[in-house]
Amino acid sequence: MKKICFFIMILSLVACNPHIAQPNAAPSIKVAAAADLTHAFKEVGEQFKNETGIDVTFIFGSSGQLAEQIKQGAPFDMFASANVEYVDELVRDHVALEQTKNVYAFGRVGMAVKNGVAVSSLQDLLKKEVKKVAIANPDHAPYGLSAKQALMKAGVWEQVEPKLVYGKNIADTLAYVESGNVEVAIVALALMKDHHLPFYLIDEHMHEPIRQAIVITKQTKHEKEAREFLAFLKGPTGTSIMKKYGFIIPKEE
């Protein structure tokens, strides 16, 4: 009886100790991704796991802040930015594998409008009934920078600036109009699929192209799995999902 109890105790310790290798544990990777990818990447990740058995954990945020975290040693296997410049920055700083850099999509930006507010153009933001407008912080969020460029090109930046509220990333910016705290939020098209709020696309010529790029970090211990995810994202299933959320695939330009 004592031998049986001892054997059960050993089995329990092995099962509970995370530091003991589990021979059948499923492989997994961590991907730091721009907040505009929240819905699309969650779906891509689910399909990827179904086909490969590899689990993907996403950490969403603003591209600039995520890039900074990777420079500081944050344990991410991949980085999917909403602006290729942040990927180039990591390559220059020798913390990302240059040969794995890929521009996987182009994004679109537009205005999400609170129900009952008569706004359909950037000039409409000058109306008195529009008291607050949310954009992502252009200092580290690519979609915030695109919003600023569009407002400047439309010639309304100086008048609209006093109304601006800054979100820390594009998902946070959308939350401002969802909660009714602002009349308009300038956000990514990719977040608006099946959304209940009115949405008006901004002409893509009003801002620089939103070139979104992905790269594998140098510190990854799962390069093989990360490369599989990259291939899946660029393959038929991945591109189909991305198109569904409004992204433009580079080869279709």
Side-chain angles (χ1 to χ4, degrees), residues 30-48 56-70 74 76 78-87 104-115 117 119 125 132-151 163-202 204 207 209-214 229 233 238 241-248:
K30 288 181 182 173
V31 179
D36 71 296
L37 297 164
T38 302
H39 303 316
F41 263 30
K42 282 181 179 176
E43 189 170 336
V44 171
E46 286 174 9
Q47 291 296 324
F48 177 66
V56 187
T57 300
F58 295 106
I59 298 87
F60 296 106
S62 81
S63 297
Q65 290 179 332
L66 291 172
E68 199 56 40
Q69 289 174 25
I70 291 170
F76 303 134
M78 307 184 78
F79 172 48
S81 172
N83 186 331
V84 67
E85 290 182 13
Y86 288 112
V87 167
Y104 59 89
F106 284 66
R108 296 295 307 276
V109 68
M111 297 185 299
V113 181
K114 185 177 175 181
N115 282 313
V117 178
V119 167
L125 300 181
K132 294 290 179 187
V133 177
I135 68 171
N137 190 325
D139 291 339
H140 54 75
Y143 279 88
L145 179 59
S146 298
K148 182 177 179 179
Q149 290 170 347
L151 290 168
K163 301 181 179 184
L164 291 180
V165 174
Y166 295 99
K168 59 187 176 185
N169 59 56
I170 204 64
D172 183 54
T173 305
L174 178 59
Y176 276 109
V177 70
E178 289 175 329
S179 62
N181 288 324
V182 303
E183 283 72 35
V184 180
I186 301 180
V187 297
L189 167 64
L191 295 178
M192 299 308 295
K193 183 176 177 359
D194 301 327
H195 204 286
H196 66 281
L197 289 177
F199 183 75
Y200 302 92
L201 265 179
I202 293 172
E204 58 188 326
H207 54 81
I210 305 174
R211 299 180 70 211
Q212 307 210 179
I214 189 168
F229 180 77
L233 176 65
I241 293 171
M242 294 298 285
K243 281 194 251 182
K244 188 170 78 175
Y245 285 89
F247 289 102
I248 299 166

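Values reported hereafter were calculated over all heavy atoms of this structure, with side chains retained and with hydrogens, waters and symmetry mates removed.
Minimum interatomic distance between Val117 and Val113 (heavy atoms only, all atoms of both residues): O-CG1, 3.5 Å. Counting all heavy atoms, side chain and backbone alike, Phe106 lies closest to Pro209 at CE2-CB, 3.9 Å. The heavy-atom pair separating Ala32 from Ile70 by the smallest distance is CB-CD1, 4.5 Å. For the pair Ala134 and Tyr176, the tightest heavy-atom approach, listed with the atom from each and the gap, is CB-CB, 3.9 Å. Between Gly238 and Val44 the shortest heavy-atom distance is O-CG2, 4.5 Å. Residues Asn83 and Pro142 share a closest heavy-atom pair of CB-CG, 3.4 Å.
Ion pairing between Glu183 and Lys163 fails under the 4.0 Å rule for side-chain N and carboxylate O.
Considering NE2 of His140 and CG of Leu66, their distance stands at 10.5 Å, rounded to 0.5 Å. Going from atom OG of Ser62 over to atom CG of Asp36 covers 11.0 Å, rounded to the nearest 0.5 Å. With rounding to the nearest 0.5 angstrom, the CD1 atom of Ile248 is 11.5 Å from the CE atom of Met242. Put simply, CZ on Phe41 and CD1 on Ile241 are 10.5 Å apart, with the number rounded to the nearest 0.5 Å. To the nearest 0.5 Å, atom CD of residue Gln212 and atom OH of residue Tyr86 are 12.5 Å apart. For the atom pair Ile186 CD1 and Lys148 NZ, the distance stands at 12.5 Å (nearest 0.5 Å).
In this structure, Gln69 and Phe76 have side chains that are in contact, with non-hydrogen atoms separated by less than 4.5 Å. Taking the side chain as every heavy atom from C-beta outward, Asn181 and Lys132 never approach each other to under 4.5 Å. Annotation: side chain of Phe79 is not in contact with side chain of Ile214 (no heavy-atom distance under 4.5 Å). Side-chain contact between Phe199 and Leu201 is present, with at least one heavy-atom pair separated by less than 4.5 Å. Asn169 has its side chain out of reach of Phe60: every pair of non-hydrogen atoms, C-beta onward, lies at least 4.5 Å apart. Here the side chains of Val187 and Val177 are not in contact, with every heavy-atom distance at 4.5 Å or above.
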Show your working on side-chain contact (heavy atoms from CB on, under 4.5 Å) between Asn115 and Leu197 and close with a plain yes or no.
CA-CA 6 Å; Asn115 282 313; Leu197 289 177; 3.9 Å; yes
Start with the C-alpha gap between Leu191 and Tyr143, add the side-chain angles, then the distance that decides, and say whether side-chain contact (heavy atoms from CB on, under 4.5 Å) holds.
CA-CA 12 Å; Leu191 295 178; Tyr143 279 88; over 6 Å; no
Would you please test Met111 and Val133 for side-chain contact (heavy atoms from CB on, under 4.5 Å) and show each step?
CA-CA 10 Å; Met111 297 185 299; Val133 177; over 6 Å; no
Between Leu151 and Leu125, does the side-chain contact (heavy atoms from CB on, under 4.5 Å) criterion hold? Intermediate values first, please.
CA-CA 10 Å; Leu151 290 168; Leu125 300 181; 3.7 Å; yes
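Summarising the local packing, CD of Gln47 is surrounded by more than 12 heavy atoms from other residues, nucleotides or ligands at distances under 6.0 Å.
In summary, the aromatic rings of Phe247 and Tyr245 are positioned with their centroids too far apart to meet the 6.0 Å limit.
Remark: side-chain polar atoms of Arg108 are not paired, donor with acceptor, to backbone N or O of Ala190 under 3.5 angstrom. A donor-acceptor pair under 3.5 Å is formed between the side chain of Ser63 and the backbone N or O of Ala82.
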